[in-house]
K.L.:
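Below is one structure. I have some questions about it.
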Amino acid sequence: MKFRRPKGTKDVLPKDIAKWHYVERIIRETTELFGFAEIRTPTFENTELFKRGVGTDTDIVGKEMYTFEDKGGDSLTLRPEGTAPVMRAYVENGMQSESPIHKLYYLTSMFRHEKPQAGRYREHTQFGAEIVGSDHYYCDVELILLAKEVYNRCGIQDFRLKLNSIGKAEERRNYVEILKSYLNSNIEHLSEESKRRLETNTLRVLDSKDMNDRKVTDLAPKILDHLGSESRTRFDNVVNELSRLGVKHEVDFRIVRGLDYYTDTTFEFLSDDLGSQDALGGGGRYDGLIEQLGGKPTPGVGFGSGVERLIIVAEKNGFAFGEQKAPLVYFIALSDEARKICYGIMRDLRKLDVSCETDLLGRSFKAQMREANKLNCRYVYIIGDDELQKKKGQLKSMATGDQVETEFGKIKENIE
RNA sequence: GUGAGCGUAGUUCAGUUGGUUAGAACAUCAGAUUGUGGCUCUGAGGGUCGGGGGUUCGAAUCCCCUCGCUCACCCCA
């Protein structure tokens with residue numbers, strides 16, 4: 001019997017891990033530079049949280065959740081998205097009474113039962129940031145700036161930023177009625193999927209890729225023309241501020257997002273280096289969510305961004321990730337007695353933060369030299385019978401080939 | 001859930017109209033005069049040809065079923 005990893009999951013092997021560490025570091029450093037603090041929530045939550053927060057008509061909740069019953073009969077779900085859990089934690093821990101505003105970020109796995117394809121996994125890593133407690137338009141801008149800065153620092157320059165506003169709940173309800181009647185009058189041109197969606201999640205008809213759907217929606221009434229003055233002003237402020245700060249963007253009425261909690265600003269970052277799944281990240285404002293989860297009415301805005309996709313795009317752009325660090329000194333012992341001496345020297349060096357390792361297979365001298373070379377060690381330290389006698393080993397630089405007799409206790413002084 | 005393409009050593013791939021013990025490169029390991037890496041040379045290990053069934057004297061090759069992978073639809077990060 002052969003075991004395979006579950007469909008849609010991945011193994012990150014040692015040869016690729018340096019890449020992940022590097023990107024994770026950029027994400028954390030950049031996000032903290034903007035004054036965000038990390039928050040960690042459980043890998044699974046009560047299923048009801050996502051039904052309530054994300055919405056039962058969404059694809060995520062409707063057909064993509066990993067839901068199971070535990071031994072106590074509770075229905076639990078592996079986190080399919082980051083915002084609802086963070087807001088649950090915000091409310092549950094009374095964070096609003098610590099401070100009127102919180103800037104939070106996360107970097108963790110998300111789980112969705114989808115059919116895997118390029119850039120789409122069943123377990124994927126997302127970093128996201130949320131600003132809770134303020135409805136100031138600059139919050140929206142700040143988050144966009146943060147995402148942009150992370151992308152830039154990963155060598156990604158040529159992504160597209162698309163923006164839209166879907167207004168406040170009531171404005172959207174009114175608009176949806178207008179859109180519905182327009183779509184109904186053109187229903188014979190719509191795809192089957194869009195016909196179904198027309199009733200369940202009308203806005204989503206707008207982001208259909210179907211050519212015929214697009215012909216219909218191109219001429220559909222636009223939500224931006226149906227916003228109240230407050231929403232309209234906020235949207236104009238966001239757009240103008242982005243322009244003023246030199247952030248390229250385009251307004252696109254199709255950016256409606258698939259989660260129910262969004263209000264007002266919505267945005268997506270798209271890349272051409274990603275095949276069919278072209279979203280690098282996306283987000284928006286969710287002013288009703290916290291109330292929905294039982295908290296006091298509190299505004300919030302956030303985004304999520306796929307780390308696998310970020311790495312894919314960075315790689316395509318030839319980004320130089322760091323390399324795995326090689327041990328500095330490789331110890332070669334030519335006898336059992338010499339080996340014991342090595343173990344002691346290595347213990348002492350490691351206390352001094354000098355990285356070192358030695359052969360664990362009892363291999364030949366030549367094989368050990370080869371190993372040191374393959375690992376890219378800067379030095380080898382050789383102890384044979386002569387060296388045991390003199391209590392001085394041979395410290396050899398792999399780059400120059402130079403070799404100097406060095407006392408057992410004086411290796412650190414003779415390297416670097 | 002729907003559709004298309006692809007499954008041969010660890011990896012990337014060859015494999016002639018079905019015909020002997022299924023190959024190469026890279027990788028791995030070992031050796032090339034006594035205790036010195038990279039380059040080179042020599043050699044070794046490693047495959048139930050995704051799995052099952054069928055046709056045939058004979059199947060990696062033909063047929064059927066099945067599983068897996070990949071990409072697209074869908075959806076999103």
Side-chain angles (χ1 to χ4, degrees), chain A residues 1-10 13 15 54 58-64 79-83 106-128 147 151 159 191-194 196-197 201 204 207-211 213 255-259 268-271 274-283 302-313 330 332-335 338 361 363-388 393-403:
Chain A
M1 150 138 19
K2 209 171 171 185
F3 289 103
R4 324 181 111 271
R5 60 180 177 265
K7 192 195 285 267
T9 61
K10 65 186 177 304
L13 302 178
K15 66 184 171 63
V54 180
T58 61
D59 287 289
I60 289 181
V61 174
K63 50 188 195 192
E64 296 173 0
R79 167 180 56 217
E81 66 95 46
T83 301
Y106 57 84
L107 172 57
T108 190
S109 290
M110 302 296 164
F111 307 85
R112 295 180 197 173
H113 189 97
E114 296 186 274
K115 202 146 175 189
Q117 78 189 57
R120 190 167 76 185
Y121 307 88
R122 289 187 171 180
E123 177 180 11
H124 76 278
T125 311
Q126 231 180 82
F127 85 91
Y151 299 150
F159 53 83
S191 64
E192 289 308 308
E193 186 61 36
S194 288
R196 205 170 317 127
R197 197 156 275 152
N201 203 335
R204 293 285 313 291
D207 72 10
S208 168
K209 285 183 193 167
D210 185 274
M211 282 308 290
D213 287 351
I255 305 297
V256 295
R257 309 291 297 161
L259 289 69
E268 279 179 22
F269 292 94
L270 272 18
S271 169
L274 277 171
S276 161
Q277 306 303 312
D278 60 355
L280 206 43
F303 74 86
S305 186
V307 179
E308 287 81 2
R309 291 185 187 177
L310 177 61
I311 290 177
I312 290 169
V313 178
Y330 193 89
I332 297 179
L334 303 178
S335 67
L361 289 169
R363 295 204 280 193
S364 70
F365 187 13
K366 188 189 276 276
Q368 293 187 59
M369 281 301 294
R370 272 204 263 261
E371 185 68 11
N373 184 63
K374 196 166 83 183
L375 292 172
N376 230 328
C377 295
R378 301 247 308 277
Y379 297 92
V380 290
Y381 189 73
I382 304 159
I383 304 180
D385 292 342
D386 294 350
E387 288 78 11
L388 275 179
Q394 301 291 339
L395 183 64
K396 172 170 179 161
S397 158
M398 294 299 277
T400 65
D402 295 342
Q403 192 165 304

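The chains referred to below are lettered A, B, ... by the order of the sequence lines, with proteins before strands, and numbering in each begins at 1.
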K.L.:
Using a heavy-atom cut-off of under 4.0 Å over every strand shown, decide if A/E123 touches base, sugar-phosphate, or nothing.
P.N.:
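Touches nothing.
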K.L.:
Check for me whether A/K10 meets the cation-pi criterion with A/Y121, that is, NZ or CZ under 6.0 Å from the six-membered ring centre and within 45 degrees of the ring axis.
P.N.:
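The answer is yes; both the distance and angle limits are met.
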K.L.:
Of the nucleotides B/rC76, B/rC73, B/rG37, which has the atom closest to the A/K115 side chain?
P.N.:
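Minimum distance to the A/K115 side chain belongs to B/rC73.
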K.L.:
A/D386 CG to B/rU36 C1': how many Å, rounded?
P.N.:
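The distance from CG of A/D386 to C1' of B/rU36 comes to 14 Å, rounded to the nearest Å.
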K.L.:
Could you tell me how far B/rU20 sits from B/rG15 if I compare only their C1' atoms? Round to whole Å.
P.N.:
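The answer is 15 Å between these two C1' atoms.
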K.L.:
From C-beta outward on A/Q117, which listed nucleotide comes closest to its side chain: B/rA77, B/rC71, B/rU36?
P.N.:
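Per side-chain heavy atoms of A/Q117, the pick is B/rC71.
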K.L.:
Checking only heavy atoms, does the side chain of A/E114 share a donor-acceptor pair with the base of B/rG1 at less than 3.5 Å?
P.N.:
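Per atom types, no contact qualifies.
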K.L.:
Which part of the nucleic acid does A/R363 contact within heavy-atom distance under 4.0 Å: base, sugar-phosphate only, or nothing?
P.N.:
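Answer is sugar-phosphate: A/R363 comes under 4.0 Å of backbone atoms only.
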K.L.:
Going from CZ on A/R112 to CD on A/E81, what distance comes out if it is rounded to the nearest 0.5 angstrom?
P.N.:
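It comes to 7.0 Å.
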K.L.:
Which residue lies toward the 5' end of RNA chain B, A/Q394 or A/S364, if each is placed at its nearest nucleotide?
P.N.:
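Residue closer to the 5' terminus by nearest nucleotide: A/S364.
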K.L.:
B/rC41 C1' sits how many Å from A/K366 NZ, rounded?
P.N.:
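Atom-to-atom, A/K366 to B/rC41, this comes out as 12 Å.
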K.L.:
Rounded to whole angstroms, how far apart are CG on A/D278 and C1' on B/rC76?
P.N.:
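Taking CG of A/D278 and C1' of B/rC76, I get 10 Å after rounding.
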K.L.:
Could you go through the salt bridge (charged side-chain N to carboxylate O under 4.0 Å, His left out) check for A/D207 and A/R257 one step at a time?
P.N.:
CA-CA 8 Å; A/D207 72 10; A/R257 309 291 297 161; over 6 Å; no
K.L.:
Under 4.0 Å between any heavy atoms, over every strand shown, what does A/A279 touch: base, sugar-phosphate, or nothing? Just pick one.
P.N.:
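Since a base atom lies under 4.0 Å of A/A279, the category is base.
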K.L.:
Nearest whole angstrom, please: distance from the C1' of B/rC76 to the OH of A/Y121.
P.N.:
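Distance check: A/Y121 OH to B/rC76 C1' gives 14 Å.
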K.L.:
Across the strands shown, which category fits A/Q403 at heavy-atom distances under 4.0 angstrom: base, sugar-phosphate, nothing?
P.N.:
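If one applies the 4.0 Å heavy-atom cut-off, A/Q403 turns out to touch a base.
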K.L.:
Could you work out which one of B/rA77, B/rG38, B/rG3 sits closest to the side chain of A/N373?
P.N.:
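Shortest atom-to-atom distance from the side chain points to B/rG38.
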K.L.:
For atom C1', what is the distance between B/rC69 and B/rG53, given to the nearest Å?
P.N.:
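Taking atom C1' in both B/rC69 and B/rG53, they lie 23 Å apart.
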K.L.:
Pairing check on B/rA44: which nucleotide meets the Watson-Crick or G-U wobble criteria with it, both distances under 3.5 Å?
P.N.:
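Matched B/rA44 with B/rU28 under the 3.5 Å cut-off.
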K.L.:
I'd like the P distance from B/rC67 over to B/rU11, given in whole Å.
P.N.:
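About 23 Å, rounded to a whole number of Å.
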K.L.:
Taking the same atom, C1', in B/rU66 and in B/rC73, what whole-Å distance lies between them?
P.N.:
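It works out to 24 Å between them.
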K.L.:
In whole Å, what separates the C1' atom of B/rG46 from that of B/rA9?
P.N.:
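So the two C1' atoms sit 6 Å from each other.
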K.L.:
Across all strands shown, which nucleotide pairs with B/rU56 by Watson-Crick or G-U wobble geometry, both distances under 3.5 Å?
P.N.:
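Paired with no nucleotide.
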K.L.:
Closest to the A/S276 side chain: B/rA77, B/rC73, B/rC69?
P.N.:
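Nearest nucleotide to the side chain: B/rC73.
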K.L.:
If you find the nucleotide of RNA chain B closest to A/P116 and the one closest to A/R204, which residue's nucleotide is nearer the 5' end?
P.N.:
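Closer to the 5' end of RNA chain B: A/P116.
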K.L.:
Please give, in whole Å, the distance from B/rC73 P to A/D59 CG?
P.N.:
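After rounding, the reported distance stands at 15 Å.
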K.L.:
Under the side-chain contact (heavy atoms from CB on, under 4.5 Å) criterion, do A/Y330 and A/L375 qualify, and how do the steps go?
P.N.:
CA-CA 9 Å; A/Y330 193 89; A/L375 292 172; 3.8 Å; yes
K.L.:
Between A/R309 (side chain only) and A/L280 (backbone N and O only), is there a donor and an acceptor less than 3.5 Å apart?
P.N.:
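No, because the side chain of A/R309 does not come within donor-acceptor range (under 3.5 Å) of the backbone of A/L280.
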K.L.:
Using purine N1 to pyrimidine N3 plus N6-O4 or O6-N4 for Watson-Crick, or N1-O2 and O6-N3 for G-U wobble, both under 3.5 Å, which nucleotide pairs with B/rU36?
P.N.:
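Pair assignment: B/rU36 / none.
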K.L.:
What's the closest nucleotide to the side chain of A/R370 if the choices are B/rA77, B/rG38, B/rC76?
P.N.:
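Shortest atom-to-atom distance from the side chain points to B/rG38.
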K.L.:
Please check if the side chain of A/R363 supplies one atom and the backbone of A/A367 the other of a donor-acceptor pair under 3.5 Å.
P.N.:
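Judged by distance alone, no pair lies under 3.5 Å.
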K.L.:
Starting at CE of A/M369 and ending at P of B/rA30, how long is that distance when rounded to a whole Å?
P.N.:
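Taking atom P of B/rA30 as the reference, CE of A/M369 is at 14 Å.
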K.L.:
Considering only atom P, compute the distance from B/rU42 to B/rA27 and round it to an integer number of Å.
P.N.:
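Their P atoms lie roughly 15 Å apart.
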K.L.:
Nearest whole Å is fine: how far is B/rC74 C1' from A/M211 CE?
P.N.:
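In whole Å, B/rC74 C1' lies 17 Å from A/M211 CE.
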K.L.:
Ignoring hydrogens and angles, does a donor from either the side chain of A/R120 or the base of B/rC74 sit under 3.5 Å from an acceptor on the other?
P.N.:
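Check passes, donor-acceptor contact within cut-off.
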K.L.:
Considering only side-chain heavy atoms of A/I382, which listed nucleotide, B/rA72, B/rA77, B/rU36, is closest?
P.N.:
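Of all the options, the side chain of A/I382 is nearest to B/rU36.
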K.L.:
Taking any strand in view, what nucleotide pairs with B/rC71 in a Watson-Crick or G-U wobble way, both distances under 3.5 Å?
P.N.:
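Looking at the geometry, B/rC71 pairs with B/rG3.
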K.L.:
Can you find a pair of side-chain heavy atoms, one from A/S305 and one from A/F127, that are under 4.5 Å apart?
P.N.:
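In short, these two side chains touch, coming nearer than 4.5 Å.
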K.L.:
Let's see if you can work this out: which of B/rC69, B/rC73, B/rA77 has an atom nearest to the side-chain heavy atoms of A/Q277?
P.N.:
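When the side chain of A/Q277 is considered, B/rC73 is the closest of B/rC69, B/rC73, B/rA77.
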K.L.:
Mind checking A/G128 for me? I need base, sugar-phosphate or nothing, with any heavy atom below 4.0 Å counting as a touch.
P.N.:
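No contact.
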K.L.:
Could you identify the nucleotide paired to B/rU16, looking across every strand shown and requiring Watson-Crick or G-U wobble geometry with both distances under 3.5 Å?
P.N.:
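With both distances under 3.5 Å required, B/rU16 matches none.
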K.L.:
Looking at A/K209, does any N or O in its side chain come under 4.0 Å of the phosphate oxygens OP1/OP2 on B/rC73?
P.N.:
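So the side-chain polar atoms of A/K209 do come within 4.0 Å of the phosphate oxygens OP1 or OP2 of B/rC73, strictly under.
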K.L.:
What integer number of Å spans the C1' atoms of B/rG5 and B/rG52?
P.N.:
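Those two atoms are separated by 23 Å.
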K.L.:
Measure the distance from CG on A/L375 to P on B/rG38 and round it to the nearest whole Å.
P.N.:
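In whole Å, B/rG38 P lies 14 Å from A/L375 CG.
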K.L.:
Checking A/S191 against A/D213: is there a side-chain donor and acceptor pair closer than 3.5 Å?
P.N.:
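Side-chain D/A pair, A/D213 to A/S191: present.
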K.L.:
A/K374 side chain: which of B/rU36, B/rU28, B/rC76 is closest?
P.N.:
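The nucleotide sitting nearest to the side chain is B/rU28.
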K.L.:
Suppose we define a pair by two distances each less than 3.5 Å, Watson-Crick or G-U wobble; what does B/rC49 pair with here?
P.N.:
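Per the H-bond distance test, none.
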K.L.:
How is A/R257 classified with respect to the nucleic acid when contacts are heavy atoms under 4.0 Å: base, sugar-phosphate, or nothing?
P.N.:
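Sugar-phosphate, no base atom in range.
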K.L.:
Check whether any side-chain N or O of A/Y381 sits under 3.5 Å from a backbone N or O of A/G393 as a donor-acceptor pair, and report yes or no.
P.N.:
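Yes; at least one donor-acceptor contact below 3.5 Å.
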K.L.:
For nucleotides B/rC41 and B/rU48, find the distance between their P atoms and express it as a whole number of Å.
P.N.:
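It comes out at 30 Å once rounded to the nearest Å.
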